[in-house]
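In the text below, chain A, chain B and the rest are named by the order of the sequence lines, each starting its count at 1.
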Number of protein chains: 2
Amino acid sequence: MLHVAEAARVSVATVSALLNGTATVSPELTQRIEQAIRDIGYKRNAIARSLKMGTTRTIGLTVPHITNPFFTDVVSVIQQAFDRAGYAVMLCCTDEDLNTQDEQIRLLLDRMVDGLIVARVGDGGILKSIVEDANVPVVLLDRLCEGVDTDAVVLDNQRAVFDAVTYLIHLGHRRIGYITGTSDISPMHDRMIGYREALQAAGLPVAEELIRSGNFHEIDGYNATMQLLSLHDRPSAIFSANNPMVIGTMKAIRDIGLSCPEDISVACFDDFPWSDVFVPQLTTVAQPVQAIGEQAANLLLDRLAGNRDAPPRKLVLKGRLMIRNSCRPLGAVAQSVSA
Amino acid sequence: MLHVAEAARVSVATVSALLNGTATVSPELTQRIEQAIRDIGYKRNAIARSLKMGTTRTIGLTVPHITNPFFTDVVSVIQQAFDRAGYAVMLCCTDEDLNTQDEQIRLLLDRMVDGLIVARVGDGGILKSIVEDANVPVVLLDRLCEGVDTDAVVLDNQRAVFDAVTYLIHLGHRRIGYITGTSDISPMHDRMIGYREALQAAGLPVAEELIRSGNFHEIDGYNATMQLLSLHDRPSAIFSANNPMVIGTMKAIRDIGLSCPEDISVACFDDFPWSDVFVPQLTTVAQPVQAIGEQAANLLLDRLAGNRDAPPRKLVLKGRLMIRNSCRPLGAVAQSVSA
DNA sequence: TGACACGTTCGAAACGTTTAGATTAGCGTT
DNA sequence: AACGCTAATCTAAACGTTTCGAACGTGTCA
């Protein structure tokens, strides 16, 4: 900017004023400055600007795994939304590990991000104090966090699983296996409640041996399914509360020589692009990824626009049961089941 | 830092020296400073640091679509690699659009990223001049760029498709449909050559009506497949040069009332996690995503470490044909086909 | 004609670091 | 006692912006 100012024979203050439109500058100087900018190929240094202004127009986004199709989609939507608003997005993957998450958040904060969207992991950690300090606004994505009172957008997980399991019950299933991730994050907790309540509402017992948990990975789903299938009274249906784990479920079913839906019905959380192309077409609970991403972005953008004092807002969206053909009716059962 | 210095009754220079280890500071002052840092909860401002140092320890990464599983995986690997090296990653999606890409790159450059990894789109644009200016190192990912001479890691696309199509030929297929993305990017160009050469090597004619192109999206694959299947002498196999488009292919096959592999064989580029779980299990060309991501990261990290003058390095990796059961042998053909 | 307001431009301080070079203190040598 | 050397510390100038308040010229009004 100094060079531009010299070339145009004006002060840096005038160049800055023109660039930011913060003061009127005469047509003559405007022309000289613009010419100088072109000649020199000048680019404003955003770092210096950030230092002075105290804002980076950059936000941080952390997710457990970007390869989980749910997060992939949401990240994509959020990225677009901030892009439109002229913000850059720093992406971090926390690998379902609290220490990693804390490190990543520190990294982002060091870089003075203006805001944070966090699909958290573990419980609390550094997040709590950041929200309390209230220097940078935080939006929780997908997962609430005990004791951390801030904007959030989540799914009505309990209701979604309730509906899905109720659907299975209507199909005639009585013993329904349930595979969950570690229950220290709110969605897993809520989904489990939905499962139990659906059974109870139908007057069915909750058999604890039908509930297995794992660490979100394919292999965990595989192992859990193997265990379920080797029970002497094995379930006729399995609901997987997590998408990557259902891949393991399908592999286990195949490896054990059974087939879906003939021998065992399967449904899972989170839809994915291939779900209605292959056989079996998986029945899933689809999250409104577009809405989730946009709402999260909007919440944060609103804070960034200056609305700092409003009380925390919690948005709860509804899932949608995508009924396909991976679950079959059992025994003599009414065929008409609506979602 | 000023506050810390005051609280510890030292100068800011001493604090800086301690923090960076650039000079020895006496145990006494060390202790006072560390105490003050704890008391105040001081965090070094990375923006000010960047301004002074001229480095942000942040890199920019642009991909066409993060929802394409190939890019999802590569992004994940790259993110981890830079994370380990203490760099942050700014992610941008260019949506297969050159203007968007140019905008995104400008955004990243404005923010003074130390380096750029680009899975480019369109041809050239602003990229050429950036590489020529040589201020920030650029690594091309997955796609070369005419006239842009810089580090790159790509697949041997031609060979990979050659192998896949040769495999189909060995199975007895003579009319093999080919669905490609727009051919202005190098992989699509090279893959097409691989297709043609495989046919020629087997002494088969290249029938132009069997080659269809689209814009990388599911719907394009759908339309292309519909056209192929309505030819009076329709192909017995289809190879899709792009992963999202193969979803369209599968849907089209289903909608037209055919089934894979009984009526038509299908293979495609890029593997994905579900490929061996569902029916049909798709035969694919798997890219070594881990290696691609790591190599790209290494190339850039090496430049960032100061190795600026070495001539551009181009890494070419090999794809791997994952033979599953979406392609069936045709007529009287030797059954033993190896990859 | 002098006072005043207005529109345009500028000088200089500030943002929070790093770092070159100056300063100081301590200590051993001669 | 004067000197030089080393180690520890400090002063102050950068980095490239934004912005406050001052300065300047011009036109308006009493």
Side-chain angles (χ1 to χ4, degrees), chain A residues 1-37 40-58 86 88 106-114 135-136 306, chain B residues 1-37 40-58 86 88 106-114 135-136 306:
Chain A
M1 185 177 279
L2 181 62
H3 298 112
V4 171
E6 279 169 358
R9 286 160 295 143
V10 299
S11 76
V12 289
T14 310
V15 178
S16 178
L18 176 63
L19 253 40
N20 297 313
T22 52
T24 49
V25 1
S26 67
E28 193 195 333
L29 291 202
T30 299
Q31 211 227 311
R32 288 222 302 268
I33 294 172
E34 284 173 347
Q35 183 63 48
I37 289 179
I40 299 185
Y42 166 76
K43 284 260 156 208
R44 156 136 106 256
N45 182 323
I47 296 295
R49 180 164 223 259
S50 291
L51 176 59
K52 184 64 189 172
M53 305 277 278
T55 165
T56 52
R57 289 195 85 77
T58 300
R106 252 187 286 263
L107 184 88
L108 292 168
L109 254 29
D110 277 356
R111 282 176 175 68
M112 306 263 113
V113 290
D114 291 343
N135 286 323
V136 343
Chain B
M1 185 176 278
L2 181 63
H3 297 111
V4 171
E6 279 169 358
R9 287 160 296 148
V10 299
S11 77
V12 289
T14 310
V15 179
S16 178
L18 177 62
L19 254 39
N20 297 313
T22 53
T24 48
V25 1
S26 68
E28 193 195 334
L29 291 203
T30 299
Q31 210 228 311
R32 288 220 304 267
I33 293 172
E34 282 172 349
Q35 184 62 48
I37 288 178
I40 299 186
Y42 165 77
K43 286 257 154 209
R44 146 127 111 302
N45 182 323
I47 296 296
R49 181 164 222 261
S50 292
L51 177 60
K52 184 65 190 173
M53 306 276 279
T55 165
T56 51
R57 287 196 85 77
T58 300
R106 252 188 287 262
L107 183 88
L108 292 168
L109 255 27
D110 278 357
R111 282 177 173 68
M112 306 263 113
V113 289
D114 291 344
N135 287 324
V136 343

- request: Could you work out which one of D:dC10, C:dC15, C:dC10 sits closest to the side chain of B:A13?
  value: D:dC10
message: Using 0.5 Å steps for rounding, measure from the NE2 atom of A:H3 to the CD1 atom of A:I37.
response: 14.0 Å
Nearest heavy atoms of B:M112 and B:T56, plus distance in Å: O-OG1, 2.7 Å
field: Spacing of B:R44 atom CZ relative to C:dG16 atom P, expressed in whole Å
entry: 15 Å
query: Between A:T14 and C:dT9, is there a side-chain N or O to OP1/OP2 distance below 4.0 Å?
result: no
- line: To the nearest angstrom, the CG-C1' distance between B:N45 and C:dC15 comes to 8 Å
task: Give the rounded distance in Å between these two atoms: CZ of A:R57 and C1' of D:dT17.
output: 16 Å
message: What is the separation between atom CE on A:M53 and atom P on D:dC15, rounded to the nearest whole Å?
response: 21 Å
message: Measuring to OP1 and OP2 of D:dT18, would you say a side-chain N or O of A:R49 lies under 4.0 angstrom away?
response: yes
statement: Side-chain contact check for A:V25: nearest option of C:dT9, D:dC10, C:dA12 is C:dT9
- prompt: At under 4.0 Å, does any side-chain N or O of B:T24 touch on OP1 or OP2 of D:dA7?
  reply: no
query: Are any of A:S16's side-chain N or O atoms less than 4.0 Å away from OP1 or OP2 of D:dT19?
result: no
- prompt: What integer distance in Å separates B:K43:NZ from C:dC15:C1'?
  reply: 20 Å
task: Compare side-chain N and O positions of A:N20 against OP1 and OP2 of D:dT18 and report whether any pair is under 4.0 Å apart.
output: yes
- prompt: Looking at B:D114 and B:R57, what are the two nearest heavy atoms and their distance?
  reply: OD2-N, 2.7 Å
query: What integer distance in Å separates A:I33:CD1 from C:dT9:C1'?
result: 10 Å
field: Nearest-nucleotide comparison on DNA chain D, the residue closer to the 5′ end among B:R9 and B:A48
entry: B:R9
message: Tell me the interatomic distance from A:M112, atom CE, to C:dG16, atom C1', rounded to whole angstroms.
response: 10 Å
task: Check whether any side-chain N or O of B:S11 sits under 4.0 Å from OP1 or OP2 of D:dT9, and answer yes or no.
output: no
statement: Tested for side-chain contact (heavy atoms from CB on, under 4.5 Å) against B:R32, the lone hit among B:E34, B:Q35, B:E28 is B:E28
message: If we ignore hydrogens and angles and just use 3.5 Å, is the side chain of B:R44 paired with the main-chain N or O of B:R49 as donor and acceptor?
response: no
- prompt: What is the distance, rounded to the nearest whole Å, between atom NZ of A:K52 and atom C1' of C:dT17?
  reply: 14 Å
message: The side chain of A:A23 is closest to which nucleotide in this list: D:dG16, C:dT9, D:dT18?
response: C:dT9
query: At under 4.0 Å between heavy atoms, what does B:L29 touch on the DNA or RNA strands: base, sugar-phosphate, or nothing?
result: sugar-phosphate
- prompt: Does A:T22 have a side-chain nitrogen or oxygen under 4.0 Å from the phosphate oxygens OP1 or OP2 of D:dT18?
  reply: no
